[in-house]
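Remarks on the structure that follows.
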Amino acid sequence: MSVQTPITMRPPVAPVPLRQDFLGGLFVTAVAVLAYWLAADLPAGTLGGMGPGMMPKALALLLGALGLTLLFGSLWHFGERIRRWSIRGPVFVFGAMIAFGLTVRPLGLVVAGPLAMMIGALASDEVRWGETIVSVALTSAFCVGLFKLALGLPIPLAPWLIGY
Amino acid sequence: MLDLIGHLGLGFSTAFSPTNLGLCFLGCLVGTLIGVLPGVGPIATIAMLLPLTFKVDPTGALIMLAGIYYGAQYGGSTTAILVNIPGEATAVVTTLDGHQMARKGQAGIALGIAAISSFIAGSIATLVVAAVGAPLTKLALLFGPAEYFGLMVLGLGLAVVLAQGSVLKAVIMVVFGLVLSTVGTDLETGDERLTLGFAALSDGIDFAVLAMGVFGIAEVLRNIENPEARGVVKGAIGRLLPSAADLRRSLGPILRGTGLGAALGILPGNGAVLAPFASYTLEKKLADEPSRFGLGAIEGVAGPEAANNAGAQTAFIPLLTLGIPPNAVMALMVGAMTIHGVIPGPLVMTRNAPLFWGMVASMWIGNLMLLIINLPLVGVWVRLLKVPYRLLYNIILLFCCIGIYSVNNNPADVFFTAVFGGVGYVLIKLGLEPAPMLLGFVLGRLMEEKLRQALALSDGSFMTFVERPLSAGLIVCALVVMLIAILPAVTRSREKVFQE
């Protein structure tokens, strides 16, 4: 739940391109345009016999209209300024997930788990390597024990070493 | 009445088999373990732990999932009390007085009363589910496509009203969810829709992938950015069992909270979210000294916790009787049931009677187990919470990866989860609350199917929704709900409720 800034402390009005609702409206409208464009070739059919394109197109138009309402509303209604973005967190978190997805099949959990955690550790700017290595080792061992040995999930363990 | 006893008897004999008892225990334990992690609410927990149930028979799997669900709920309350971080929206209220109690050295009592009120509420709600289930199933048989459609419109309307923040944004998120639900193969013609050519999307976006991305990964990203606002309660937890005076003071709030929660939980559109807020407001109004609220009043923990748990449980009613998931957690249950070949809906009760009643009975057993395992294990949870977030998020991340990979054994799901994590992060930054999107997504497919069926039957005339009295009633309710949401007076009091 966001803490409301008391009126007396309200920060100066943000310029239009930095307003949360302006960018939000832009984002939503872009999604609507993309959805409509992707559905463009699908036949809409009639109301009594709807084709595959009817719902996606109708919903995309509705979403676009709502997005534009939000966007134009932000010109009059000031709203909040866009929140600070960070690059480091998303880059390393997504990097860790991609590394996991790429390595889990060929190299198994024994490699993919620690690899993903080592990359993921970089996402925080408070990273300390000593404790990270200990936690990576413990967590990986726990995961192998729980998911593989106890539950027998068909996730590869170390195909290059033991064949599964 | 005799029927009810017979049904519950069947349920308890199913649930008390050693295997099912063990699964219920395991589910509660692991659910609490993951649910305690800060920022991981029931949705992410269930999505993460879904693969744990794959090897078990359907009845056992659902019993275990229900255990995971209650465990995650309870874990959320634990984090709310000890760290002041709500695992999900419904635990927000618990932070108010629960964390204050913890600061006054009564952490144990707060945790104890949370467990006890959850147990009492759960026991009563189990009876409600058992009693209401059968008649509602009969009603469901009267439902045609038009009625189903009307009910889901009502559900989405309620979701908009209950969402935090602006109504326009909530509507946007619902429609966004509906758009996402159209991705995949068309049910009637088999055409690929909006798949961008990805084979993995031809079955549609997997709900677990979407939920994990938006609620698991995006939440991790948000928490990394706002480091260590957490103050884990230092010092002793104190005794766990509330005194007789505490219990006497809590009994009224517990019973009233249970009533509120049970009633709101049945509503489609995640009515259960409102239950703790409603209970807190009610208790504050009824209290002799309302000023104690917010400073560690035990009623402020007992009432909302009871309401939360009762709502969480009666939310199974629309799912099991009508096949309509009222919230995101229940949507994951649908996914889990489908994986095990059980189609949620009115037929579950007749075709899979042991499964249905076994699950109802296991709800009660699950609540009892939570009471038994959590009170002694509180110390373990506290120690877990003292692990700094810079280590915890990484563990959460790996669990997410393994969980999501295991749902379909498909590495592509991990990539899609990352994509939706990115979408969720953008939405958070743009001030667009993702919860209504999930409900739109959940109901979208079924809504489209029912709309198409209804309009095919009526030859394209929308009058079918008005001519049939039941569906007309539902549509009118939905319109009234939407109108209420945009009335200025209600808008103001909504803001007030969510700020408190």
Side-chain angles (χ1 to χ4, degrees), chain A residues 1 4 20-21 23-24 27-28 31-32 35 38-39 42 46-52 55-56 59-60 62-63 66-67 69-70 73 80 82-83 85-86 89-90 93-94 96-98 100-102 104-105 109 113 116-117 120-121 123-124 126-127 131-132 135 139 143 147 151-155, chain B residues 51-52 54-55 92 164 168-169 171-172 175-176 178-179 182 186 188-189 191 193-194 196 217 220-221 224-225 227 388-391 393-395 397-402 405-406 409 411-412 414-415 417-418 421-422 425-426 429-432 448 451-452 455-456 458-462 498-499:
Chain A
M1 207 137 294
Q4 294 280 313
Q20 209 179 46
D21 289 356
L23 292 169
F27 175 74
V28 170
V31 170
L38 287 172
L42 296 167
T46 60
L47 278 179
M50 280 191 207
M55 284 303 271
L59 289 169
L62 181 59
L63 186 64
L66 291 165
T69 312
L70 187 64
E80 262 182 74
I82 190 77
R83 292 170 208 169
W85 294 67
S86 76
V93 165
F94 298 145
M97 297 179 76
I98 291 167
F100 182 88
L102 289 177
V104 67
R105 276 270 176 85
L109 185 58
M117 283 189 80
S124 163
E126 300 170 17
V127 58
E131 60 177 28
T132 300
S135 95
T139 313
C143 285
F147 294 102
L151 293 159
L153 293 183
I155 188 167
Chain B
L52 300 193
F54 286 175
K55 289 257 161 160
V92 169
Q164 300 169 31
L168 174 63
K169 288 186 188 177
V171 176
I172 285 178
V175 179
F176 194 168
L178 291 174
V179 170
T182 64
D186 182 64
E188 284 176 22
T189 63
D191 289 285
R193 307 195 298 186
L194 317 188
L196 296 161
I217 305 297
V220 164
L221 288 173
I224 297 176
E225 273 177 30
Y389 194 73
R390 61 174 186 274
L391 294 176
Y393 81 84
N394 217 356
I395 298 171
L397 193 62
L398 183 61
F399 282 179
C400 285
C401 286
I402 296 176
Y405 170 81
S406 302
N409 289 311
V414 182
F415 303 142
T417 306
Y425 182 69
V426 170
K429 289 289 169 190
L430 295 173
L432 295 163
E448 179 180 1
L451 181 66
R452 282 165 89 162
L455 287 178
S458 75
D459 216 14
S461 159
F462 278 102
F498 283 117
Q499 263 173 37

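Chain naming here is simple, since letters A, B, ... match the order of the sequence lines and numbering starts at 1 in each.
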Do the non-hydrogen side-chain atoms of Phe147(A) and Pro51(B) ever get within less than 4.5 Å of each other?
-> no
Chain B heavy atoms under 4.5 Å from Ile98(A): which part of the residue, side chain, backbone, both or neither?
-> both
All heavy atoms of Gly101(A) vs all of Pro411(B), minimum pair found to be O-CB, 3.3 Å
Which atoms of Ala60(A) approach chain B - backbone, side chain, both or neither, heavy atom under 4.5 Å = backbone
Begin with the C-alpha distance, continue with both residues' side-chain angles, and end with the deciding distance and a verdict on side chain to side chain contact (heavy atoms under 4.5 Å, CB included) for Thr69(A) and Ile172(B).
-> CA-CA 10 Å; Thr69(A) 312; Ile172(B) 285 178; over 6 Å; no
Go through the steps for Glu188(B) and Met50(A) under the test side chain to side chain contact (heavy atoms under 4.5 Å, CB included), then give the verdict.
-> CA-CA 9 Å; Glu188(B) 284 176 22; Met50(A) 280 191 207; over 6 Å; no
What part of Leu398(B) gets closer than 4.5 Å to chain A, counting heavy atoms only: side chain, backbone, both or neither?
-> side chain
What residue, out of Ala412(B), Cys401(B), Cys400(B), Ser461(B), has the most heavy-atom pairs lying under 4.5 Å from chain A?
-> Cys401(B)
Side-chain donor/acceptor of Arg452(B) to backbone N/O of Gly48(A), under 3.5 Å = no
Region of Leu109(A) that comes under 4.5 Å of a non-hydrogen atom in chain B = side chain
Would you name the heavy atoms of Phe94(A) and Gly421(B) that are closest together and state the gap between them?
-> CZ-C, 4.0 Å
Which atom of Met97(A) lies closest to which atom of Ala418(B), heavy atoms considered = CE-N, 3.7 Å
Identify the heavy atoms of Lys429(B) and Gln20(A) that sit nearest to each other, and give their distance.
-> O-NE2, 3.3 Å
What do the steps show when you test Trp85(A) against Val426(B) for side chain to side chain contact (heavy atoms under 4.5 Å, CB included), and what is the final call?
-> CA-CA 9 Å; Trp85(A) 294 67; Val426(B) 170; 4.1 Å; yes
Pick from Ala116(A), Gly51(A), Gly49(A), Gly67(A): which one has the most heavy-atom pairs with chain B under 4.5 Å?
-> Gly51(A)
Heavy-atom pair count under 4.5 Å with chain A, highest-scoring of Val220(B), Thr417(B), Asp191(B) | Asp191(B)
Counting only heavy atoms closer than 4.5 Å, note whether Phe176(B) contacts chain A via side chain, backbone, both or neither.
-> both
Name the option with the most non-hydrogen atom pairs under 4.5 Å to chain B; the candidates are Pro90(A), Ser135(A), Ala35(A), Ala96(A).
-> Pro90(A)
Option in Asp459(B), Leu432(B), Asn409(B) with maximal non-hydrogen atom pairs under 4.5 Å from chain A | Asn409(B)
Just by modelled atom types, is the Pro52(A) backbone N or O under 3.5 Å from a matching donor or acceptor in the Arg193(B) side chain?
-> yes
Heaviest contributor of heavy-atom pairs below 4.5 Å to chain A, chosen from Ile217(B), Leu391(B), Leu397(B), Leu451(B), is Leu391(B)
Most heavy-atom pairs under 4.5 Å with chain A, out of Asn394(B), Thr182(B), Asp186(B), belong to Asn394(B)
Between Tyr393(B) (side chain) and Ser124(A) (backbone), is there a donor-acceptor pair under 3.5 Å?
-> yes
Would you mind reporting whether Ile82(A) and Leu430(B) have side-chain heavy atoms less than 4.5 Å apart?
-> yes
So Leu47(A) and Phe462(B), side chain to side chain contact (heavy atoms under 4.5 Å, CB included) or not? Walk me through it.
-> CA-CA 9 Å; Leu47(A) 278 179; Phe462(B) 278 102; 3.6 Å; yes
Relative to chain A, which of Ile395(B), Leu178(B), Ile402(B) shows the most heavy atom pairs under 4.5 Å?
-> Ile402(B)
